**Student:** 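Below are the structure tokens for one structure; questions will follow.
Not measured: the values here are computed from a predicted model. Below, all heavy atoms of this structure are taken into account, side chains as well, without hydrogens, waters or symmetry copies. Note that ligands are numbered from 1 as they come in the structure, with each ligand's atoms numbered from 1 the same way.
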Amino acid sequence: MIEIKVAVSNRHVHLCREDVDVLFGENYEFSKRNDLSQKGEFATLDTVSLKTEKAIIENVRVVGPIRKYTQVELSKTDSDILGLDLPIRDSGDFRDAKDVVIIGPKGSRKVKNCCIRSVNHIHASNSELEEFNDKDIVDVKTSDGVIIHNVHIKKSDNFVLEMHIDTDNSKEYNLVTGSSVFLKK
Ligand SMILES: [Zn+2]
């Protein structure tokens with residue numbers, strides 16, 4: 001068994017340059033609150049609000065750096081609050097993704113096709129998890145012996161071995177950041 005540490009992802013937003021300019025002002029640069037474990041990724045000091053016809057969620061953390069596309073990652077609970085029926089997707093897969101109005105300190109804009117629920121996934125560098133390939137789909141077991149199905153493996157030299165799971169799934173499987181799950185070789 002390979003032990004993998006878990007990191008729970010709260011709702012968050014990745015933004016493209018164009019949306020940053022509208023929401024925060026032209027050429028705005030994020031300031032770092034803290035590094036995240038994946039190399040180059042950081043929680044910023046900046047937040048936005050997300051608005052639909054049904055509700056608004058405030059203080060949603062922006063994760064840097066700026067990306068090529070804007071992506072909003074929400075839990076099932078969040079999507080129910082906003083009245084959005086979100087698909088469960090890999091990062092960057094926007095099939096059936098939903099629209100939301102993103103409100104920043106300097107402006108707001110309706111961003112089309114940006115909201116997803118992130119699939120449970122494991123990051124690994126290319127030298128880790130040698131028995132597995134990028135895009136493999138696996139089961140992992142928690143310390144309680146519960147099996148989590150349909151976990152997607154993402155390999156890249158920039159990645160560090162870690163499983164990402166959203167707040168709803170962390171509750172369902174009794175996991176917190178720092179918990180371990182186990183992958184059969
Ligand atoms: Zn991740």
**Student:** Less than 4.5 Å apart, side chain to side chain, heavy atoms only: is that true for Thr44 and Lys32?
**Tutor:** no
**Student:** Between Tyr173 and Asp144, do the side chains contain a donor N or O and an acceptor N or O under 3.5 Å apart?
**Tutor:** no
**Student:** Is the closest side-chain heavy-atom distance between Asp136 and Lys155 below 4.5 Å?
**Tutor:** no
**Student:** List for me each residue that meets salt bridge (charged side-chain N to carboxylate O under 4.0 Å, His left out) alongside Lys110, sequence neighbours excluded, and say none if there are none.
**Tutor:** none
**Student:** Step through it carefully: locate the ring centre of Phe42, locate the ring centre of Phe30, and say whether they are under 6.0 Å apart.
**Tutor:** no
**Student:** Under 2.8 Å from the Zn ion (ligand 1), which protein N, O or S atoms do you find? Ignore water molecules.
**Tutor:** His121 NE2, His123 NE2, His164 ND1
**Student:** Looking at side-chain heavy atoms only, is the closest gap between Val62 and Val48 below 4.5 Å?
**Tutor:** yes
